[in-house]
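These numbers come from the heavy atoms of this one structure, side chains and all, not from hydrogens, waters or symmetry mates. Predicted model only: the values in this text are computed from it and were never measured.
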Amino acid sequence: MADFFDRVWRVVALIPEGRVTTYGHIARHLGLGRSARLVGHALHAVGRAGARGPDLPCHRVVNRVGELSGRLRFETPTVMEERLRAEGVSFLDDGRVDLARHLWEPRGAESLP
DNA sequence: AAACTGACGGGCG
DNA sequence: ACGCCCGCCAGTT
């Protein structure tokens, strides 16, 4: 389980600046397609204690339609969007991330334990 | 110990 | 596009 958190963090650390990915993509990439929620739990765990990567770009993880569903777990409810805008991520009129432009899909060997 | 709670996703109408 | 419901599963009550 804790190793699952590790794998999630490892993937998140790879998201390039100015790109985003979704909980579901990460979960599927790790072979746990139906447990996207656990990815959220893993990131929530980052916030507390910061035992692991305190510098993880967790703001680059959004839900499947590009909503910043985790914004309330950040220092303030707005930093998530601010950080993304600061790296050049564009938003649609309805406030969702423009996934068509910025979605990054995990691929490669980082899934290996 | 049982119930509730989500940083979720997919299917259906 | 939208709302609803169901499956999922570790934490918290």
Side-chain angles (χ1 to χ4, degrees):
Chain A
M1 170 30 77
D3 44 305
F4 173 68
F5 282 12
D6 280 330
R7 279 174 287 170
V8 171
W9 292 332
R10 215 129 0 127
V11 175
V12 172
L14 295 171
I15 308 174
E17 201 178 291
R19 313 287 303 281
V20 301
T21 193
T22 74
Y23 303 95
H25 275 99
I26 296 175
R28 278 198 299 284
H29 184 64
L30 297 178
L32 298 160
R34 39 226 176 281
S35 306
R37 270 186 142 122
L38 296 191
V39 176
H41 281 291
L43 294 186
H44 195 192
V46 174
R48 76 168 277 294
R52 242 5 176 267
D55 42 332
L56 278 180
C58 18
H59 58 284
R60 297 183 188 139
V61 185
V62 303
N63 75 7
R64 69 159 161 177
V65 292
E67 293 166 335
L68 309 187
S69 44
R71 72 190 177 301
L72 296 178
R73 306 301 138 194
F74 284 75
E75 300 83 337
T76 79
T78 56
V79 297
M80 193 171 179
E81 175 173 347
E82 288 161 1
R83 284 183 182 151
L84 290 171
R85 288 203 126 99
E87 4 184 293
V89 173
S90 53
F91 289 73
L92 303 175
D93 292 340
D94 56 14
R96 304 178 330 183
V97 169
D98 187 349
L99 288 178
R101 274 177 38 80
H102 303 289
L103 179 64
W104 173 83
E105 306 197 39
R107 61 192 68 212
E110 68 275 4
S111 58
L112 305 176

ask   = If you look at every strand shown and take non-hydrogen atoms under 4.0 Å, does R60(A) touch a base, only sugar-phosphate, or nothing?
value = nothing
Whole-Å distance, R73(A) CZ to dT12(C) P, equals 13 Å
Between A45(A) and F5(A) the two heavy atoms that sit nearest each other are CB-CE2, 3.8 Å
Closest to the 5' end of DNA chain C, once R34(A) and D94(A) are matched to their nearest nucleotides, is D94(A)
Against the side chain of R28(A), the closest entry in dA7(B), dG10(B), dA1(C) is dG10(B)
The residue among D98(A), L99(A), D94(A) that forms side chain to side chain contact (heavy atoms under 4.5 Å, CB included) with R96(A) is D94(A)
From OH of Y23(A) across to C1' of dA7(B) the rounded distance in Å is 3 Å
| message | If you go through the side-chain atoms of R64(A), does one of them form a donor-acceptor pair with the base of dG10(B) closer than 3.5 Å? | response | yes
Smallest heavy-atom separation, V62(A) atom then E67(A) atom, equals CB-O, 3.5 Å
Separation of dG11(C) atom P from L38(A) atom CG, nearest Å, is 9 Å
- Task: Determine, using the 4.5 Å side-chain heavy-atom cutoff (strictly less than), whether V12(A) and L32(A) are members of one ILVMFWY cluster.
- Result: yes
- Message: Please tell me if S69(A) has a side-chain N or O lying less than 4.0 Å from either OP1 or OP2 of dC8(B).
- Response: yes
Rounded to whole Å, the CG-C1' distance (N63(A) to dG10(B)) equals 13 Å
For the hydrophobic clusters of this structure (ILVMFWY residues joined by side-chain heavy atoms under 4.5 Å, transitively), does one cluster hold both V65(A) and V89(A)?
-> no
Separation of dG9(B) atom P from L99(A) atom CG, nearest Å, is 10 Å
Heavy-atom nearest pair, R19(A) first then I15(A), reads O-CG2, 3.5 Å
message = Does H41(A) contact dG6(B) through a side-chain donor or acceptor facing the base, at a distance under 3.5 Å?
response = yes
Rounded to whole Å, CD1 of I15(A) lies from P of dA7(B) at a distance of 18 Å
L72(A) CG to dT5(B) C1', in whole Å, measures 15 Å
So, OP1 or OP2 of dG9(B): does either fall under 4.0 Å of a side-chain N or O from T22(A)? yes
If one requires at least 3 consecutive Watson-Crick or G-U pairs with distances under 3.5 Å, the stems of DNA chain C turn out to be B:2-6 with C:9-13, B:8-13 with C:2-7
Out of dA7(B), dG11(C), dG9(B), minimum distance to the side chain of F5(A) belongs to dG11(C)
Atom CD of E67(A) and atom C1' of dA7(B) are separated, to the nearest Å, by 12 Å
Between R60(A) and G18(A) the two heavy atoms that sit nearest each other are NE-N, 4.3 Å
Q) dC9(C) phosphate, OP1 or OP2: any side-chain N/O from R37(A) under 4.0 angstrom? A) no
